[in-house]
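Just so we're clear, the structure is a prediction, and the values are computed from it rather than from any experiment. In the text below, chain A, chain B and the rest are named by the order of the sequence lines, each starting its count at 1.
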2 protein chains.
Amino acid sequence: MAETGTQGTTRGTSGTAAHRDRPPTIRDVAELAGVATSTVSRALARPDRVNPRTRIRIEEAAAELNYVPSSQARGLSSGRTNAVAVLVPDITNPFYFDIIRGTQHQLKAAGVTQLLVDTEESSEMELDALHKMRKSADGFILAASRLTDAQLAEVSQSQPLVTFNRASTSAPTVMIDTPSAIIQALEHLASLGHHKVCYVAGPPTSWSNQMRWKVFEEDATKRGMEVHRIGPYTPKTTSGAAAADAAVRTGATACIVFNDLLAIGMLQRLKARGIRVPEDMSIVGSDDIFGADFCNPPLTTISSPIEQAGRVAVSMLLAQLNPLSGSATRQLAVMPTHLTIRESTGPAPR
Amino acid sequence: MAETGTQGTTRGTSGTAAHRDRPPTIRDVAELAGVATSTVSRALARPDRVNPRTRIRIEEAAAELNYVPSSQARGLSSGRTNAVAVLVPDITNPFYFDIIRGTQHQLKAAGVTQLLVDTEESSEMELDALHKMRKSADGFILAASRLTDAQLAEVSQSQPLVTFNRASTSAPTVMIDTPSAIIQALEHLASLGHHKVCYVAGPPTSWSNQMRWKVFEEDATKRGMEVHRIGPYTPKTTSGAAAADAAVRTGATACIVFNDLLAIGMLQRLKARGIRVPEDMSIVGSDDIFGADFCNPPLTTISSPIEQAGRVAVSMLLAQLNPLSGSATRQLAVMPTHLTIRESTGPAPR
DNA sequence: CAACTTTTGGCAACCGCTTGCCATTTGTGT
DNA sequence: ACACAAATGGCAAGCGGTTGCCAAAAGTTG
């Protein structure tokens, strides 16, 4: 302290300043600004906790040194990592890319790092990641989680998370309005005169798959349609061939398919077999992924603001992490859906 | 300081151990195993540095406590973060999906966390990320970097990185064999009788765009073809319409397009305008992204093992980070390419 | 101007783990 | 059994921040 006065003149001591060797630490900034590290820390974290004049001095010093606080160190002492992990079952699937894009955007806006994890459709990997990363992420977003209700409940007990397309009573959830979507699709098919419909199932552990089938069966039955179900199939285009063949065998004239990937695969197979879409068979996909608009024929599918869903998920998670004043955090967000009618559906063959 | 001793005993206050409240630290493990934390640290990091018996004891303790070391703390003291940042210009672009998938796989295999960053085609954001994350990532993978040579050189000086599809003398690079690919494509077009060809350009700051054009011009000229060039266009399907219209105006009978996204967009526009592909115009894309095989017509395109490129990039980066015995780290990897001929190319119209 | 309240900034103790250095043990050769 | 080398484990000093607590400084009030 006594030397502060001197220091003003000192300046030259260090000779040429700003050696670009090692990244500057908070200490360097403190030194340059002539204050203690704690003050620097405060100036940056809670600006009104320090005198405006010193704050400015510190800010200038920081700017000059091009100081960037180490998130590592910060995390260690503050207990927060400023990172959020996003777990998806399959990075390969374009559907999740929309989600990822959404989360990425929103997280970046909040200055939070995104840790992307591919769980490869496996609940073990999911649990493992959840466990391994509990110290390195402040929260998790589980897209289409494959965990059981019990597992989910347990996990959500110990770490903040929000699920996407996976209902849960224990954690905030954002999901797309599947029931309404399926009903819209059936309505559409019914109006085209279809009586025999088939649901092409995806992964049994997928909650949304279960929901879709449930609603499909209920509503189709209510309409007096003949309902079939085939599957489960891995939700990839490559499974489409098998699915298409099976679908044809059921005698159904229209299929609602678990997702677009599978649907597009079916389209390819049907074309190869010379079965015309939609003349001989109508196909409805789900998710409206990249490609659904330019495949052949363009796919009628269930659209939903997926990217926005990602954003919402992040918002909900962040709200959970920083409990703001008053307002209880929202526990459920349902994204609207609508049927995008393109060219893979048409009048039932007679 | 004097009280430290007291504190040592205080610990027990909590009575029953292993409360599942807070995640266990290295201290808990040490205590359970009856050793010092340093020993635990070693047992886990360099197993042969401790006695096998104690190591086992420690491992058991760790297992019982379900101990996972804090990567934060580890990073702080060791100076390594065990994370690698992957910067892509546009998360939206399926081309990068493949890269990301590749890097993700390889990184996971190495136990390294992937930090995904979307730089939105902006060199500023790229620099910014590079700067902000220098403390939180051990290295960087720059996919299709938009940085200038000078910037790249400077950055690579201070942090380990490898570039993908962006030549650089200052950093290891993995790229796809563009020249050969373009030549293959021109050969293909020539054999179909095309004489007037057009290159549809992508982002001017894209190195691979520049390369493609360069080789295109050289080789096409050498073949005595009439060469056109249009663009630049943003590499998205939505830019395809403008590109298609411009391409038609050039009078060319075949186009080689910067990437598949743009090419698919052109396909859509051409179809809308009633211009038949490939009868009236042939289109060759590049990258063979998801969707290129099922668009209408399926796109003839330049394929390359993109996912593998991502893997290789990671390997090169990791090699750079852990300079192993002897073998100098590879500075350049060139991924092979081949022309995947589908249905968007055909004989030149007469 | 004294008495008292606010501001402001420094001190020092962590956060959880790594690592250089040193004291013990244990093992080896004769 | 003895001298000496190798193996093993603990101590303590950080890594780069954050934060509770306290003292000095500045501002208020009558």
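Arg80(B) places its CZ atom 13 Å from the C1' atom of dT18(C), with the value rounded to the nearest Å. When rounded to the nearest whole Å, the span between CG of Asp28(B) and C1' of dC17(C) equals 13 Å. One interatomic measurement links the two molecules: CD1 of Ile26(A) to P of dG9(C), which rounds to 14 Å at whole-angstrom precision. The nearest whole Å value for the distance from the CD1 atom in Ile58(A) to the P atom in dG10(C) is 8 Å. In this structure, Arg27(B) places its CZ atom 13 Å from C1' of dA12(D), rounding to the nearest Å. For the pair Glu31(B) CD and dG16(C) C1', the computed distance is 14 Å after rounding to whole Å. Atom C1' of nucleotide dA26(D) and atom CG of Asn51(A) are separated by 10 Å, given to the nearest angstrom. In this structure, CD1 of Ile56(A) is placed 12 Å from P of dG9(C), rounded to the nearest angstrom.
Here Lys135(A) does not reach the OP1 or OP2 of dC15(C): none of its side-chain N or O atoms lies under 4.0 Å away. Residue Thr39(A) places at least one side-chain N or O closer than 4.0 Å to OP1 or OP2 of dG10(C). Contact annotation: Ser38(B) does not reach the phosphate of dT18(C) (side-chain N/O to OP1 or OP2, under 4.0 Å). Here Ser78(A) does not reach the OP1 or OP2 of dG17(D): none of its side-chain N or O atoms lies under 4.0 Å away. At dT8(D), none of the side-chain N or O atoms of Arg53(B) fall inside 4.0 Å of OP1 or OP2 (strictly under the cut-off).
A side chain to side chain donor-acceptor pair (under 3.5 Å) with Arg146(B) is found for one member of Glu126(B), Glu120(B), Glu121(B) and no other, namely Glu121(B).
Here the nucleotide nearest the side chain of Ser77(B), chosen from dG9(D), dC17(C), dG10(C), is dC17(C). Considering only the side chain of Arg42(A), dG20(D) comes nearest among dG9(D), dG20(D), dG20(C). Distances were taken from every side-chain heavy atom of Thr37(B) (C-beta onward) to each of dG10(C), dT8(D), dT18(C); the shortest belongs to dT18(C). Looking at the side chain of Arg74(B), the nearest of the listed nucleotides dG16(D), dC11(D), dT18(C) is dT18(C). Proximity note for Arg49(B) (side chain, C-beta onward) versus dG9(D), dC11(C), dT8(C): the nearest is dG9(D).
Using modelled atom types, one side-chain atom of Lys135(A) and one backbone atom of Val68(B) make a donor-acceptor pair closer than 3.5 Å.
Residue contacts shown for Thr25(A) are limited to sugar-phosphate atoms, with no base heavy atom under 4.0 Å away. Contact annotation for Ser41(B): base contact, defined as any heavy-atom pair under 4.0 Å involving a base atom.
Mapping Asp48(B) and Leu76(B) onto DNA chain D by nearest heavy atom places Asp48(B) closer to the 5' end of the strand. With the nearest nucleotide of DNA chain D identified for both Ala73(B) and Arg57(B), Arg57(B) has the one nearer the 5' end.
Once rounded to the nearest 0.5 Å, the distance linking CD of Gln114(B) with CD1 of Ile91(A) reads 6.5 Å. To the nearest 0.5 Å, atoms CG (Asn93(A)) and CZ (Phe97(B)) are separated by 9.5 Å.
Atom NZ of Lys132(A) has 12 or fewer neighbouring heavy atoms from other residues, nucleotides or ligands inside a 6.0 Å radius. Other residues, nucleotides and ligands contribute over 12 non-hydrogen atoms within 6.0 Å of the CD atom of Gln331(B).
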